[in-house]
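Below is one structure; the comments refer to it alone.
FYI, the numbering just counts along the sequence from 1. First listed ligand is number 1; within each ligand, the first listed atom is number 1. Please read these numbers as outputs of a predicted model, since none were measured by experiment.
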Amino acid sequence: MIFVTGGAGFIGANFVLNWLRKNNEPVLNIDKLTYAGNLNNLQSVEGHANYHFARVDICDQNAIEELFKKHQPRAILNFAAESHVDRSIHGPRDFVQTNIVGTFSLLQAALGYWRELSEPEKNNFRFLHVSTDEVYGSLELNDPAFSETTPYAPNSPYSASKAASDHLVRAYHHTYGLPVLTTNCSNNYGPLQFPEKLIPIVIHNALNGKNLPIYGDGSNIRDWLYVVDHCEAIELVLEKGRKGETYNIGGWNEKKNLEVVDTICATLDELCPRPDGKSYQTQKVFVADRPGHDKRYAIDATKIEKELGWRPKENFESGLKKTIAWYLENEAWVKNITSGAYREWLDKNYGARQ
Ligand code: NAD
Ligand code: DAU
């Protein structure tokens, strides 16, 4: 069996679904079910013989230890995190708690379990930590892309908490020999993404006749990767990555935010034209910038390509079409999560920006 933490979130759920499609090995999804965790994401595998779920907070070391004892997994993959930069600016405490203390608790529980394993089992065990390119800080336009040796320089409470967790993971390998792997990935997009991040909020707002909020002048750059490509990369790192190593994962696909919003509008104009015949472009609004907004992220994914033979399969145009088609077909999913608490978040984050 493998453990997946945060499997009810965007990337974790895509990972679990992809895993069960391709493998015949059980997976235990460990999730606290915060606002970002949604069991509807996993409705299609409810009752699947290889899918199991435990509602547990990763900060609860005793509960995690019990799960290790009971299920004897060969690996744990840590997706669980507070993941939204804007929320980390409004309320950093949860980020420190889950991302740092939670990862520490998982490491402690995993170390205790790993030490009791037989030598062959010890050799096979893996602690895979899913992290982000944001730990490397911000690039200028002409800087080379982030590589695995780029020094850490996190700028937001979110990225600082992820950086701290990466350091703990690294230290448990260096000090105790725990067989860890770390992946640092760029911006994901695709089905099941909560409509608080750029791509899903723009799609959701466009379809509901609302403003498409663009922070600052829209010139910030991100590297975009289709979520299933990320999941495939993680699986490959789990099976073939070298213990103690980190692997950068990216889409070779840098885009200005404005370009991303324009492409979404153009795709929606084609797939789902507005009743009045006007373009979705007319809904674009420039709003006050994110404090400390990182200018540019770019990933050099040469290491994972050369060592493990991974490259993304989807390009931005094909991935975005699939994503938009998914949101158009899954209005009920969106309706379910855009209730009271979601609207409160919109007021908090966007109310003062207009
Ligand atoms: P998400 O916010 O959609 O989901 C996070 C999941 O973790 C939710 O199901 C939530 O309920 C769960 N969770 C939160 N706190 C928990 C706790 N204390 N105990 C147990 N479960 C808890 O996040 P995501 O976008 O799917 O990101 C998953 C991971 O990938 C994160 O570690 C994030 O830092 C990393 N990452 C994300 C991106 C991206 O673009 N979304 C890119 C690179 C890396
Ligand atoms: O780079 C990887 C990271 O990507 C992950 O570690 C994070 O978990 C994930 O949330 C994402 O972080 P970003 O801050 O880059 O993603 P977000 O979708 O919030 O913003 C993308 C860009 O779009 C960023 O430059 C801010 C801008 N933006 C965002 C929102 C929500 C807007 O212009 N308007 C918006 O309403």
Shortest non-hydrogen contact between N41 and L17, atoms and distance = O-CD1, 3.7 Å
Exactly one of L106, I64, D60, N78 clears side chain to side chain contact (heavy atoms under 4.5 Å, CB included) with I30, and that residue is I64
Would you check if the distance from the ring center of Y172 to the ring center of F127 is below 6.0 Å?
-> no
Is N38 close to ligand 1, meaning an N/O of one under 3.5 Å from an N/O of the other?
-> no
Per atom 20 (O) of ligand 2, closest listed option by heavy atom (R290, E82, H293) | R290
Can a non-hydrogen atom of T5 be found less than 4.0 Å from any atom of ligand 1?
-> no
State whether the shortest distance between N or O atoms of C185 and N or O atoms of ligand 2 falls below 3.5 angstrom.
-> no
Report yes or no: does A13 have a heavy atom closer than 4.0 Å to ligand 1?
-> no
Who gets closest to atom 12 (O) of ligand 2 by heavy atom: H84, K256, K197, E134?
-> E134
List every atom of ligand 2 that sits less than 4.0 Å from any heavy atom of Y297, numbering the atoms from 1 in the order shown and giving each element.
-> 1 (O), 15 (O)
Would you check the N or O atoms of K162, main chain and side chain alike, for any that come under 3.5 Å of an N or O of ligand 1?
-> yes
May I ask which of A81, G6, G7 has a heavy atom nearer to atom 14 (C) of ligand 1 than the others do?
-> A81
Which residue holds the protein heavy atom closest to atom 10 (C) of ligand 1, what is that atom called, and what is the gap in Å?
-> T34 OG1, 3.3 Å
Does E254 come within less than 4.0 Å of K295, counting only side-chain N to carboxylate O?
-> no
Provide the number and element of each atom of ligand 2 under 4.0 Å from a heavy atom of P213.
-> 32 (C), 33 (O), 34 (N), 35 (C), 36 (O)
Could you check whether the rings of Y136 and Y152 sit parallel, tilted or perpendicular, using 30° and 60° as the cut-offs?
-> perpendicular
Enter the distance from L268:CG to Q281:CD here, rounded to the nearest 0.5 Å.
-> 10.5 Å
In terms of residue, atom name and distance, what is the protein heavy atom nearest to atom 19 (N) of ligand 1?
-> I58 N, 2.9 Å
Between F316 and Y189, what is the ring plane arrangement, given parallel below 30°, perpendicular above 60°, and tilted in between?
-> perpendicular
Note the single closest protein heavy atom to atom 40 (O) of ligand 1, along with its residue, its atom name and the distance in Å.
-> N188 N, 2.9 Å
Between the side chain of E134 and the main-chain N/O of S159, is any donor-acceptor distance below 3.5 Å?
-> no
From G190, S83, A63 - option closest to atom 2 (O) of ligand 1 by heavy atom | S83
Considering distance alone, does some N or O of T132 sit under 3.5 Å from an N or O of ligand 1?
-> no
F79 near ligand 1, heavy-atom distance under 4.0 Å?
-> yes
Salt bridge or not for D262 and K284, using N-O below 4.0 Å?
-> yes
Show the numbers, then the answer: is there a side-chain contact (heavy atoms from CB on, under 4.5 Å) between E65 and Y113?
-> CA-CA 7 Å; E65 282 171 355; Y113 165 74; over 6 Å; no
N78, portion touching ligand 1 at heavy-atom distance under 4.0 Å | neither
For Y158 and ligand 1, does the shortest N/O to N/O distance drop below 3.5 Å?
-> yes
Give yes if a backbone or side-chain nitrogen or oxygen of I11 is under 3.5 Å from a nitrogen or oxygen of ligand 1, and no if not.
-> yes
Charged N to carboxylate O under 4.0 angstrom, E116 versus K69?
-> no
Could you check whether the rings of Y350 and Y215 sit parallel, tilted or perpendicular, using 30° and 60° as the cut-offs?
-> tilted
The side-chain hydrogen bond (donor to acceptor under 3.5 Å, both in side chains) partner of D166 among T103, N184, T246, N99 is N184
So which protein heavy atom does atom 4 (O) of ligand 1 come closest to, and at what separation?
-> G9 CA, 3.4 Å
Give a yes/no on ligand 1: does V56 have at least one heavy atom closer than 4.0 angstrom to it?
-> yes
Step through it carefully: locate the ring centre of F194, locate the ring centre of H84, and say whether they are under 6.0 Å apart.
-> no
Not counting sequence neighbours, list each pair that qualifies as a salt bridge (charged side-chain N to carboxylate O under 4.0 Å, His left out) and has a residue in residues 77-99.
-> D86-R290, D86-R353, R87-E196
The protein heavy atom nearest to atom 29 (C) of ligand 2 is Y215 CE1, 3.6 Å
Within a distance under 4.0 Å of any heavy atom of D57, pick out the atoms of ligand 1 and give their elements.
-> 17 (C), 18 (N), 19 (N)
Could you tell me whether ligand 2 has any atom less than 4.0 Å away from a heavy atom of E196?
-> yes
Does any N or O atom in N220 lie less than 3.5 angstrom from one in ligand 2, N or O only?
-> no
Would you say D347 has more than 12 foreign heavy atoms packed within less than 6.0 Å of its CG?
-> yes
Using a strict 4.0 Å cut-off to heavy atoms of V85, name the atoms of ligand 2 that fall inside it.
-> 14 (O)
Taking atom 35 (C) of ligand 1 as the point of reference, which of T98, V130, L198 owns the nearest heavy atom?
-> V130
